[in-house]
Amino acid sequence: MAEHLAALNPEQRMAVETLDGPVLVLAGAGTGKTRVLTTRFAHILLSGRATPHQVLAVTFTNRAAREMRERVANLLGRPVEGLWLGTFHALAARMLRRHAAAAGLSPNFTILDTDDQLRLLKQVMAAERIDAKRWPPPLLMSQIQRWKDRALSPARLGAADLAQAGDLAGGRIASLYGAYQARLKALNATDFGDLLLFVTDILRDQPDILAEYHRRFRYILVDEYQDTNLVQYLWLRLLAQASKNICCVGDDDQSIYSWRGAEIENILRFEQDFPGAAVIRLERNYRSTAPILACAAALIAHNQGRLGKTLRPGGKEAGGEKVRILSLWDQEEEARAVGQAIEDLRAEGEKLTEMAVLMRAGFQTRAFEERLITLGIPYRVVGGLRFYERAEIRDAIAYARLLVQPGDDLAFERVVNTPRRGVGTAALQTLHVRARADDTALTTAAGALIASGALRGRAGEGVRRLLDDLGRWRARLEAEGPVVAMQFVLDESGYTDMLKADKSPEAPGRLDNLKEFVRALADFESLQGFLDHVALVMENDENAAGDRVNLMTLHAAKGLEFDTVFLPGWEEGLFPNQRALDEGGVKSLEEERRLAYVGLTRAKKRAIILHAAHRRIYANWQDSIPSRFLDEIPEEQITRGGTAASSRRVRAPAFPPRRGLIEASAITRPAPMSAIAIGARVFHAKFGYGTVTAADDDRLDIAFDKAGKKRVLDRFVEPA
DNA sequence: GGATCGCTGATTTTT
DNA sequence: TCAGCGATCC
């Protein structure tokens, strides 16, 4: 162990060795955060202060949890068993299963995924007569989730919370929330938000249970603390109450998930929340070159309300390439520029896996995909559908859930007619009516209807067969375990045959996925354990192999690093994103800026920022103004290029340049006089007539008569 | 029960 | 522009 400690710098070492009391480690990007966390973990174990099961280690993503587990095992030189190491949700689920009764659930409760949550909410909305047209279910769902993030159960909603929700669902959102929770309980199900909400309630209300965990956990380690929401904070605080040995690692400058309920205030307030806390700053960056760090530092310095940290080069201060800013004509040219640069780097021997294109929004990937396909450069899109979100996997899961919990109505509905059993909406309606009348589950109602002969014909036959099958499969599960049982389910239900008969190009892949599904079952003792794994842990890592360029959103890139990073679309409206700005004002602008900071600090050797002067958004073309973030990075750290350089220093050409050619020097043209005043009537070639509502240097906000509000450069309009 | 038509809306996303 | 949805029709 001594050698592991010796490899750390003084601050890192302090962060590892300060074991007693609360510790906040402010770890800037690339300062060895994971190393500190894992070394600290190993140090606790090796110093004999705690056994593996006496340490609680919490992360946000499964990826981070896996990495920590591997690296701790590495440091110890052996795999470690019995760890309480996992994501907030996985750990909360584990606790909740142990104390399910305290939350009014039985231990085999189902964890619904987003899709089921939404379907359930729609059902409840129908029952509550809330118009789903007027009030989009996803919008209401997100309000409910935000409340759960803040530990607000329906009973705990205050006047202020209701006021903030406004007239959502016609002012009946609170009762909708209550009805939704009641429905979940009736189904013996929870959604993701409930896991932490319920566990926190139990710990708070049941001192004996809390005491048990106090005895158990001597040390708590938390990763990415800046991303925690209020329930997660409460949960941690309860657990840390006795020992006070909680160590949170995070970076306020990388808080980019406020829209998901994360509260940056948690990290900003740490010293008040945990009195006597030691705060340790890690500022030596071992990842990026000096110019990249200088740009990132200058950019993030524009934010207010930071804890304050300055990244500095940690090791060899050798120069390094300046950050490149490329100004292009439109998005196609932007994609061509990136493609060209990738080819050049590849020719120089750089690996494709060490290159990434990081963008603000998912739709931006398309242009790059098309270009890379044309060039024949392999790429991978990170993100997208996860394994368990695929239709066939969700179907298989629904069957499994039905085996574990016959009363799982959502699962029943999903599979009752997949594969086709002649059970249409009419038959399902009959089942629902009966279930509601008897206050039973759909399966029970189905049994009753068949026994009484009320459900006959094709649908009756189909339902009867399904009920018989389910009984037989449950017996198989009992006798022969999950793998055999699920194989029977897929074969005897006709699911496999259905896919074999399917001529669509996706069908073979779906069959493969199901094989993988059954294979994965083998690692689990119980179907229940497997279902938890699938809901909370299972990821999609296909096409992870091979030398490929990475395409992903900036959000997805957090925690990763690449030699070369391309940052396209740095334009006002896209990045910073206009919608974020409209919704959240300065706070959102700062979050956008943190996102830019995250993007830049992913780069080890070089960063290339791009922006296009014109972008097609939906049907029409829009003029784009370079992102204000470009003005916030120091001129001496950058080089400029591209065909349409159009910053305030170098302006865009009035006409398209020859397409497909990236010239070293920009075509320039003198700055026009901004003779257009607020309130002036103007004409724009694409948007028509409008009135200027605001002006900032050469950027004009114009309310167009037909095209709505837009922000354009003054040289694109003329006085009307 | 499935195909077809038209409308709508379109950041970020983990668990 | 274009996908995804619900409503409508066969």
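We use all heavy atoms of the structure for the numbers below, so side chains are in, but hydrogens, waters and symmetry mates are not. Residue numbers begin at 1 in each chain, while the letters A, B, ... track the order of the sequences.
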* Asked: Any luck finding a side-chain donor-acceptor pair between A:R380 and A:N550 under 3.5 Å?
  -> yes

Mind calculating the distance between [atom1] ([X]) and [atom2] ([N]) to the nearest angstrom?
{"X": "A:F88", "N": "B:dT15", "atom1": "CZ", "atom2": "C1'", "result": "12 Å"}
{"X": "A:F109", "N": "B:dT15", "atom1": "CZ", "atom2": "C1'", "result": "13 Å"}
{"X": "A:R394", "N": "B:dT15", "atom1": "CZ", "atom2": "C1'", "result": "14 Å"}
{"X": "A:Q254", "N": "B:dT14", "atom1": "CD", "atom2": "P", "result": "17 Å"}
{"X": "A:R63", "N": "B:dT14", "atom1": "CZ", "atom2": "C1'", "result": "11 Å"}
{"X": "A:N229", "N": "B:dT15", "atom1": "CG", "atom2": "P", "result": "14 Å"}
{"X": "A:D223", "N": "B:dT15", "atom1": "CG", "atom2": "P", "result": "13 Å"}
{"X": "A:D532", "N": "B:dT14", "atom1": "CG", "atom2": "P", "result": "19 Å"}

Residue pairs meeting ring pair (Phe, Tyr, Trp, His ring centres under 6.0 Å), one or both in residues 567-588 of chain A, sequence neighbours left out, come to A:W570-A:F575, A:F575-A:F629

Next item on the list: Describe the nucleic acid contact of A:V423 in one word from base, sugar-phosphate, nothing, applying a heavy-atom distance below 4.0 Å.
Entry: sugar-phosphate

- Message: For the residue pair A:R183 and A:Y180, would you count it as a cation-pi contact if the rule is NZ or CZ under 6.0 angstrom from the ring centre and within 45 degrees of the ring axis?
- Response: no

Margin query: Check the phosphate of C:dC2 against A:R366, side-chain N and O only, distance under 4.0 Å to OP1 or OP2. Yes or no?
Written below: no

Next item on the list: Please state the P separation for the pair B:dT11 and C:dG4 - nearest whole angstrom.
Entry: 14 Å

Side chain to side chain donor-acceptor pair (under 3.5 Å) pairs touching residues 362-373 of chain A, sequence neighbours excluded, are A:E369-A:Y379

Each nucleotide of nucleotides 8-13 of chain B classed B (base within 4.0 Å of a protein heavy atom), S (only sugar-phosphate) or -, in 5' to 3' order, makes --BBBB

* Can you find a pair of side-chain heavy atoms, one from A:L358 and one from A:V565, that are under 4.5 Å apart? -> yes

Walking DNA chain B from its 5' end, the first of A:T87 and A:G424 to be reached, judged by nearest nucleotide, is A:G424

task: Check whether any side-chain N or O of A:D227 sits under 3.5 Å from a backbone N or O of A:A262 as a donor-acceptor pair, and report yes or no.
output: no

- prompt: Is the shortest side-chain N to carboxylate O distance from A:D113 to A:R394 below 4.0 Å?
  reply: yes

